[in-house]
Amino acid sequence: MIRGVIIMNDQGQPRLVKFYEYQPVEKQHELIRSIYRILCSRAENVSNFVKVDSLFGSDVRLVYKTFATLYFVFIFDNSENELAMLDLMQVFVEILDKCFSNVCELDVVFNFNKVHTILDEIILGGQVLETSTSEVVKAVEEISKMESKANWQGR
Amino acid sequence: MALSGMRGLSVFISDIRNCQNKEQERLRVDKELGNVRTRFKNEKGLTPYEKKKYVWKMLYIYMLGYDVDFGHMEAVSLLSAPKYPEKQVGYIVTSCLLNENHDFLRIAINAVRNDIIGRNETFQCLALTLAGNIGGREFAESLAPDVQKLLISSSCRPLVRKKAALCLLRLYRKNPDVVNVDGWSDRMAQLLDERDMGVLTSSMSLLVSLVSNNHEAYWSCVPKCVKILERLARNQDVPQEYTYYGIPSPWLQVKTMRALQYFPTVEDPNTRRSLFEVLQRILMGTDVVKNVNKNNASHAVLFEALALVMHLDAEKEMMSQCVALLGKFIAVREPNIRYLGLENMTRMLMVAEVQDIIKRHQAQIITSLKDPDISIRRRALDLLYGMCDVSNAKDIVEELLQYLTTADFAMREELSLKAAILAEKFAPDLSWYVDVILQLIDKAGDFVSDDIWFRVVHFVTNNEDLQPYAALKAREYLDKPAIHETMVKVSAYLLGEYSHLLARRPGCSPKEIFNIIHEKLPTVSISTIAILLSTYAKILMHTQPPDRDLQSQIWAVFSKYESCIDAEIQQRAVEYHALSMKGAALMDILAEMPKFPERQSPLIKKAEDSEADTAEQSAIKLRAQQQNSNALVVTDQRPTNGAQPAGQLGLVKVPILSNADQSAAEIVSHANGALTVVDPQPPSTPSPDLLGDLLGPLAIEGPTGAAPASVASGLEGGVDADALAIAPIEEQANAVQPIGDIAERFHALCLKDSGVLYEDPYIQIGLKAEWGGHRGRVVLFLGNKITSPLNSVQALILPPSHLKMELSLVPETIPPRAQVQCPLEVMNLQPSRDIAVLDFSYKFGTQLVNVKLRLPAVLNKFLQPISVSAEEFFPQWRSLSGPPLKLQEVVRGVRPMPLAEMANLFNSLNLIVCPGLDPNPNNLVASTTFYSESTRAMLCLIRTETDPADRTQLRMTVASGDPTLTYELKEFVKEQLVNIPVPSRPPLAMPSHIQPTSPPPSAISDPGALLAGLL
């Protein structure tokens, strides 16, 4: 099971935080800070795996990937395959790229609500929901259409 | 750049971004929260658009780390709004801000259910997402049937069905009863025929969750999983949008192979053959390519295939192929693959037959210790640690030592501990072990815990051959210009004890030794000075004939520290000064430390239970405190017959295990002038830690009053004042009645290794045991409590057929107030729960007393704790597929106890609870190793599933590689858990009509007087 998905920038500021097992808000931020400390000390061209026993216990793993100024972090237990998690992260990023055409940090900052919507179409309850880029994009577009229709009515 | 579509939200985010510091940010956030709160209060004027905007702001603020403690009710009420935007807002904020136990969430169940059973698919999606993300037990009970309907409905869109599958998974985890196994297993198999890949992927996750709990009902899914795997591996009929970098849905492949790993085996020969063909194709058909993403995906599949091959217990040939592949991986450029290669090789160590093939890669693994990535270095260290045995220990440990000087600080402590453990476990000879530990201290003193150097002292003390060597080495290190304080401690200690063995070597005269140690004194801390003072006293004592010059130097040091502000130092200085002035007469007091009792290595123990059990620790602390408080009582005990010289009392040398802070109380002078030491810790109780032994003052060995010691162990063994008080009354009734409950004493000894087995007014039988592997050594302490001898003493062991027991000769007479030790060798031949009996009798005057005592050489004594990780546990668990190796039973009539208490009970039986292995917090999973001659070391795994609603029953599954062991262990654990009615006490002792000639020793003299008698 995926325990959490975090996007933060290279300053350690959270851009998206989603835990699939409830964590109180203070705990969430303690974890984000600790993870940031580990990640910012990692060199380039090293593996995408980090040991987080001290934060989450011995059966929990963490993979991360850097995209421009952003760290993408997946936290999950040993029922998931590490490399498959990296693949899923890649899918997530490719979908963001499609939805925002060349995604950058500012897109994620100002559209964090949309990023949430996208993530909800990829992961549900800590499980992989959809892995096809085009299926997710289709679902997200459907939701956007419905929102904008309502927005026009609402104003 | 596309903005959120909500101007107010964008403005707020910009404001936050423009804040110069955290304080400004907080002010801005507080302002916004105030604003939102006010707007929510007048809900009437709010448009859906505004509501939505405010809710997103709340979520943004929450993400920044601020608690948002209002608006929950508003959010929940929006779930039943008729229009999409309001509803969506409600769902999103509810699932982000609330957790499954939140009260408001219960109110929401009906609204969620209405959306699920309604016809609107977009609403269904929202509701399923919420329930799938945060639904709890109550959600499970009310929603599961409807969610199941959606999942199998043929008219629903795949978008809804895949969400229904994962929602059901969550509900099932919250309450497994919501999925009716009988009805659902066929449906589950049908779901695997699904053509839509999205629904199929979600359904596979659902299957993994179901079979991880109970695979029995889902056997029909196995051939279907193999079919899916074949279809994907051959890339047949896989839509383009599910092909990721040319690989047909790696996620589905991985999940499918995961599901198969939850079945103990694949029996059907055709299915098995097809599966192995696919696996072979995956193993052989994967190459390292340039594109990182493609590499990751193909290797995700490959590593999962490796895990499945291991699980299926493939032929050796295929296993060797896997190791060869892994050997290739650990040398590739791609760091992720190197990392996983090492990790999977560590996992492969579980397969005995490939261990030798893994060893061929030792050089490459050692190279990985120098990998630029710390994650990889850690994996390499784990692997080296796991693969180390007698054959390669020297190479590996020396590599670790070399690596130590360049290793990251973050790893040094772990590295030193691992090197120390390997050196201890696999040392080809002890001098090498001493070399390793001294090098460790030299290279990484800061990271060498006290346990490590205590342990080396322990070994040196117990091995006479080693002592000159260790002393010489210690002497050599002192020549180095700057040495770590730990090195000063260990060298000073060793030289104090053994430097006289070096006396003829150059640079090793007492004076030279003293000078070189004394050079270090100005730079060391108080705790080290204490050791140095002891060392000086010992050097002085060993210098025969006395060297006046050295004597005055050392006395000068002592007098200097006699006014030290630290009480411990002051006390040592005063005592050593006074003692050493007494000259050669005090040789005995300053003699070498006696051998330590054998005990489990604290290092290995530390490594084993790195997750320290706090309850356990506090128990140790408590015991230590009790010992301290006993100390006074014990030292107060003096033979009533003061004229009896201490030397005639003791038949036994009691090892002195003293705590530093008790030093004053320990040294008491008898009226006849002979010095004796009353041990505050009775021989039957091991010192709580090594610290006490080593930091204590000089080794003071002397004859000991056995009677006080045995009374002390009586106190230790839990005989409270009441029991002692009862004794005289029973004596008046002219019957020898045991003191304390024999059955209780036996049960206590089943869980600990020392204590009192039996006691009556005349005799006390203490017991101390050491267990290792399938052997054990039990020492019975027979203590005569009274002032006349006990005659016709007979001890007969009645061993059950599975134990070989040899009791050494028991003397026929136990002199007054003396204690004799009778070692008993035990060997465990095979698993059994039968219990050995000690038939013990003695005569007091003319009266024969005979008791039959159960001996605590019980099954759990041949268990050694082993903590296994999930990677180790699950393959074993699955490979032990069913009776007779794996037995399951529903146990009723369990003594109700909280789960934590049950975990403690398990741990105390050496069944080590492995937290986190079982996702259900009501289950306990434990592992252990059983040792017997027939089974050798054998891993045993136990799972108990408890029902929080009914603590009196549980389901227990026990697995091991031996059917008898599995059965016996299951029964054994069961006996520990169920409430056995305590039988009324059988007449264990024959009545006696003898009046004791004197009361049990109870005369207490003034402790102050005793202290005054000191020197």
Side-chain angles (χ1 to χ4, degrees), chain A residues 14-18 20 22 25-26 28-29 32 42-43 45-51 57-59 78-79 81-84 86-88 90-91 100 104 106-107 109-114 116-117 120 124-135 139 142-143 146-148 150-151 154-155, chain B residues 1-5 10 13 17 47-49 56 60 62-65 67 83-85 92 99-100 122 129 132-133 159 162-163 166-167 169-170 197-198 201-202 205 208 241-242 244 249-251 254 258 293 296-297 299-300 303-304 335-336 338-340 372-373 375-376 378 869-871 916:
Chain A
R15 295 309 186 201
L16 173 102
V17 180
K18 178 96 184 171
Y20 293 97
Y22 180 76
V25 65
E26 310 81 42
Q28 287 188 12
H29 279 267
I32 292 169
R42 306 258 312 155
N45 300 324
V46 292
S47 70
N48 300 101
F49 307 116
V50 170
K51 197 174 150 186
S58 62
D59 60 339
N78 51 19
S79 67
N81 176 305
E82 296 97 330
L83 287 175
L86 270 183
D87 294 342
L88 191 67
Q90 182 67 25
V91 168
F100 295 110
C104 67
L106 281 184
D107 291 323
V109 173
F110 282 99
N111 297 284
F112 82 103
N113 52 339
K114 196 168 176 183
H116 263 283
T117 311
D120 275 353
L124 199 167
Q127 302 289 333
V128 182
L129 175 66
E130 184 54 77
T131 59
S132 154
T133 318
S134 53
E135 287 292 317
E142 222 172 279
I143 293 171
M146 229 169 333
E147 275 179 351
S148 56
N151 280 350
R155 273 192 214 205
Chain B
M1 186 182 69
L3 288 180
S4 64
S10 300
I13 294 174
R17 278 169 56 79
T47 63
Y49 168 79
W56 282 117
Y60 193 82
Y62 183 73
M63 180 187 74
L64 290 174
D67 202 7
K83 285 192 182 145
Y84 182 79
I92 288 173
N99 72 56
E100 63 173 89
T122 33
T129 305
N133 276 329
L159 184 67
K162 65 190 183 191
K163 289 183 177 168
L166 295 183
C167 180
L169 189 163
R170 162 98 187 186
M197 297 283 278
T201 307
S202 297
S205 296
V208 169
E241 65 264 30
Y242 284 95
Y244 175 86
S249 187
W251 297 274
V254 163
R258 227 2 112 94
N293 294 322
N296 278 348
H299 285 82
F303 278 115
E304 205 59 52
N336 286 340
R338 283 206 301 277
Y339 176 92
L340 292 172
D373 183 356
S375 301
I376 293 176
R378 284 207 160 105
S869 65
E871 299 93 89

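Owing to the predicted nature of the structure, the values given are computational and were not obtained by experimental measurement. Per chain, numbering begins at 1; letters A, B, ... match sequence-line order.
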Those residues at least two apart in sequence (or on a different chain) that pass side chain to side chain donor-acceptor pair (under 3.5 Å) with A:Asn78 are none
Would you mind telling me which of A:Glu142, A:Lys51, A:Glu82, A:Arg42 has the largest number of heavy-atom pairs within less than 4.5 Å of chain B?
A:Arg42
When the 4.5 angstrom heavy-atom criterion is applied to A:Ala139 and chain B, the contacting part is side chain
Tell me, side chain or backbone of B:Arg338 under 4.5 Å from chain A's heavy atoms, or both, or neither?
neither
Would you mind telling me which of B:His299, B:Glu241, B:Met197 has the largest number of heavy-atom pairs within less than 4.5 Å of chain A?
B:Glu241
Side chain / backbone / both / neither for A:Ser134 at chain B, heavy atoms under 4.5 Å:
side chain
What part of A:Gln127 gets closer than 4.5 Å to chain B, counting heavy atoms only: side chain, backbone, both or neither?
both
Under the 3.5 angstrom rule, does the side chain of A:Arg15 hit a backbone N or O of A:Phe112 as a donor-acceptor pair?
no
Heavy-atom pair count under 4.5 Å with chain A, highest-scoring of B:Arg170, B:Lys162, B:Arg378:
B:Lys162
Does a side-chain heavy-atom distance below 4.5 Å link B:Ser205 with B:Leu169?
yes
For B:Tyr62, all residues meeting ring pair (Phe, Tyr, Trp, His ring centres under 6.0 Å), sequence neighbours excluded
none
So, the side chain of A:Asp107 versus the backbone of A:Cys104: is there a donor-acceptor pair under 3.5 Å, distance only?
yes
Checking side-chain hydrogen bond (donor to acceptor under 3.5 Å, both in side chains) for the pair A:Tyr22/A:Gln28: CA distance, chi angles, key distance, verdict?
CA-CA 9 Å; A:Tyr22 180 76; A:Gln28 287 188 12; over 6 Å; no
Option in A:Leu86, A:Asn48, A:Asp59 with maximal non-hydrogen atom pairs under 4.5 Å from chain B
A:Asn48
By a 4.5 Å heavy-atom criterion (distance strictly below it), what part of A:Ile32 contacts chain B: side chain, backbone, both, or neither?
neither
Atom group of B:Trp56 that falls short of 4.5 Å from chain A, counting heavy atoms:
both
For A:Asp87 and B:Ala300, the nearest pair of non-hydrogen atoms, with its separation, is OD2-CB, 4.1 Å
Report yes or no: does B:Ser375 contribute a side-chain atom to a donor-acceptor pair with the main-chain N or O of A:Phe49 at less than 3.5 Å?
yes
Residue part contacting chain A, namely of B:Thr122, when any heavy atom lies under 4.5 Å:
side chain
